[in-house]
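Structure record follows, encoded as structure tokens.
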Amino acid sequence: MLMKIKKTFTDFVKKNLNKEQQKAVKHTKGPLLVRAGAGSGKTRVITARIASLLLQEKVKPTEIIALTFTNKAAKEMTERITQFLETRSSIPFVGTFHSFCLFMLKQNQQLLDLPFFTIMDSQDQVKLLTDIIKRNDANKKISAKQLSYAISQLKNRGLTNKEHLKDVDPLLQTMFRAYEDEKKLSKCFDFDDLLINGLKLFDNKEFKKDFQERVRHILVDEYQDTNVVQHQLLKQMAKQNKKFTIDSLCVVGDEDQSIYSWRGATVDNIINFKKDFAKTTEIKIEQNYRSVKPILDLANQVIKQNENRNPKSLWSIIEGKDRIRGLICTSEYQEAQAVAQCLQTAKAKDSKQSIAILYRAHFQSRAIEEACIKSSIPYKIIGGVQFYERKEIKDLFAHLRLLVNPFDRPSLFRIINTPARGLGKKFEDQLFELWQQEPFLNFIQILRKLINTKTVTKIKKQSLKQFLSIFDGLDSNTSPNAALDQIIQRSAYLAYLKNNHEQEDANARIDNISELRNAITHFHANDIDTIEKLLHQVALMQEHKKKDNNQQNPVLLMTLHAAKGLEFDMVCLIGLEDGILPSSKSLQEDNVEEERRLFYVGITRAKQFLLISRSRYRYTYGSMSDQRASRFIKTIGQTDLPWQDGSYWSTNQCSLFFADWFGLQEKMPEVLTFGTAQQIRQPSKKVISKVYWKKNQPVSHKTFGIGIVQKVEKRATKTFITAKFMDGIKKVDSTFLKKI
């Protein structure tokens, strides 16, 4: 039976692995760095290498350790290895860094300061940190989640001793030490402690010697995602006095896909691997089995601009013509409408193909979602929730609902203690019981009645008064944006987000609120100008979305980070503008290379077709603002990324553009080229000479600047345009305006 298994594996290697992959599988001695590009089959390589060690090199399963970053990846690796083996009992350890360190710590607890330990969950950690913050009177300076993130970042970089902490903020130092002391007294570890204490085990010479005698082969997947501690751990596992002491160490990764620095990952680990492990054999796997050649050519053009990388160039034998198009749009709304038309046309050609819309940040999904709903395109958000289902949006909408319907009990109970006002479950039960007795009182009346009773404490009465003050002067006739701004300010909702979420999460939620403002402005321009109309419009969109939930093969919406490791027949990559991709934060922190890697990851998700889009203008706080093209696309030639300017296109022109691309239309209208942008020429001169005005169209005026058309009035010989400019709403003769 064993010979049969060997023969099966040998056939697999010959038929399914290229020459470079075979080299990586058969290499058995010393350190090995496999730099595997996107879509090059790196998981296939690392699992085949484990099978080769077991079957062909006769290595014992206990002598092999394979490390990765997620339980899902570990499970996939195990399943692939199992197909070559007779029984699952022959499988070596395959798991995450954290699970392996936990295993080592449990097996060697006698070497720790703690004879036994438990692992804190996130809730226990937050409670402990909250107490420490209170003791240091730092409630207004930092939240428990922010402190947790800051401590985790220090640990991931190995900055835990006094020497390392001397440059850290003194208050953070104090709270960090208090946190560590509390954990030690409680005999607890947090998640990061598993790595740190796993590393400390190797300070014991006997343990290290025994480990290296037992474990002779180590393999690590996704090495570009390792942090400082994980890299140090690997050196301790494989080296003694700077000398390589085990049989083999194989790390597989791609520095061009290192996109998790905010989690503590450092791309320097893989770039400097050969310096840390002398006499490393390097194998580059550059053949891509996923994408057509033009998509890979574009990816190579993008990533070669990064300086902090070792040269590598993806290639493919899969040919293809006209597989990439770039589209310039007027605004995010035209961009969303164009993407929706692209999706409809692509699905008309092949309803079974997989399609994803990728964006840098979650707030970008809102305009796309609305366009998909209007066009009856089923979609699903991956790694997030629908825009109007996000907690911060629902919280703010609950306030607006109470202005329209002061008897809306679910909305009141949603926000009565959000942000926290010391009105807990007991108070809510009391409120509910009283309201049951007085069903004809609205929320203001019932809360005032509670304030006037003796059953509510003085502190709670003050909290209720502050809550009611949020609604002072507001009613259903207040403009939606004005009401929203007052609610946000009076409830201190932004401060609540900052104090109760990690920085990245809080910023994302604040971006969503900013996008909600933009949505309300857009709705207002389309005559949805009251709170009631707004709530009804959103409710209708949500109902349409529910009907689409059971549709098969929906279009997937996700961030670029969430897309890593996935692949799709077609990808629409939106928002290629400075400040979005690359993000404004990365521009401030000079971290543009990681953003470029993120763009590269997005490109290499596409197998057959890739649409890249950007907008000239975007709504920002109710006004249109200029958008600069992303610096990532300025260095790409027209051949690799052919741009067309669709800013002035009608819906029909846009449909023709995509029909031509997917081969569903024999001929496109003639195209005029202007540098890297293009415009469609209309077949009739009369069409060119006539100017059409419509709502939401951006225009410019010599005095007032850029504005958005809100109303068009046609008279006998003239057309008057009402537009919203920076200085306010103006009514202007159309001859004084220019289309943008």
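Predicted model, so just to flag it, every value in this text is computed and none were measured.
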Within the distance-only criterion (no hydrogens, no angle test), does the side chain of [X] pair as donor or acceptor with the backbone N or O of [Y] below 3.5 angstrom?
X      : Y      : result
Ser655 : Thr651 : yes
Gln56  : Leu53  : no
Ser52  : Lys26  : no
Gln364 : Arg360 : yes
Asn306 : Arg309 : no
Asp221 : Val251 : no
Ser586 : Pro582 : no
Glu282 : Leu32  : no

Is [X] salt-bridged to [Y], cutoff N-O under 4.0 Å?
X      : Y      : value
Asp297 : Arg323 : no
Arg616 : Asp626 : no
Glu76  : Arg80  : yes

Minimum heavy-atom distance [X]-[Y], with the two atoms named:
X      : Y      : result
Arg597 : Ser258 : NE-O, 2.6 Å
Leu581 : Leu560 : CD2-CD1, 3.8 Å
Val13  : Gln22  : O-NE2, 3.2 Å
Leu17  : Gln21  : CA-OE1, 3.2 Å
Ile580 : Glu595 : O-OE1, 4.4 Å
Ile603 : Ala299 : CG2-CB, 3.9 Å

Heavy-atom side-chain proximity of [X] to [Y] below 4.5 angstrom:
X      : Y      : result
Cys342 : Trp661 : yes
Arg614 : Trp643 : yes
Arg618 : Ser331 : no
Arg596 : Gln305 : yes
Leu343 : Val339 : yes
Leu556 : Tyr379 : no
Asn288 : Ser40  : no
Asp322 : Pro294 : no

Is there a donor-acceptor contact under 3.5 Å linking the side chains of Ser613 and Glu335?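 Note: Ser613 and Glu335 side chains meet the donor-acceptor criterion.
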Take atom [atom1] of [X] as the centre, draw a 6.0 Å sphere, and report whether it contains more than 12 heavy atoms from other residues, nucleotides or ligands.
X      : atom1 : answer
Glu504 : CD    : yes
Lys23  : NZ    : no
Arg628 : CZ    : no
Lys75  : NZ    : no
Lys312 : NZ    : yes

Starting from the C-alpha separation in whole Å, work towards a yes-or-no answer on salt bridge (charged side-chain N to carboxylate O under 4.0 Å, His left out) for Glu567 and Arg290. CA-CA 8 Å; Glu567 59 183 48; Arg290 174 190 299 158; 3.1 Å; yes
Take Arg35 and Glu20 through the salt bridge (charged side-chain N to carboxylate O under 4.0 Å, His left out) test and state the conclusion after the steps. CA-CA 11 Å; Arg35 297 178 54 239; Glu20 296 305 307; over 6 Å; no
If the condition is side-chain contact (heavy atoms from CB on, under 4.5 Å), which residues does Asn16 pass it with, not counting sequence neighbours?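 Partners of Asn16 under the side-chain contact (heavy atoms from CB on, under 4.5 Å) test: Phe12.
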How would you list, by chain and number, every residue that makes a side-chain contact (heavy atoms from CB on, under 4.5 Å) with Ser313, sequence neighbours excluded?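 Expected list: Glu286, Asn300.
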Classify the ring geometry between [X] and [Y] as parallel (under 30°), tilted (30 to 60°) or perpendicular (over 60°).
X      : Y      : result
His231 : Phe273 : perpendicular
Phe662 : Phe609 : perpendicular
Phe97  : Phe69  : tilted

Verdict with supporting geometry, Val571 and Leu358, side-chain contact (heavy atoms from CB on, under 4.5 Å): CA-CA 7 Å; Val571 166; Leu358 308 183; 3.7 Å; yes
Matching residue for Ser261 among Thr266, Val267, Asn591 - test: side-chain contact (heavy atoms from CB on, under 4.5 Å):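 Single pass found, and it is Asn591.
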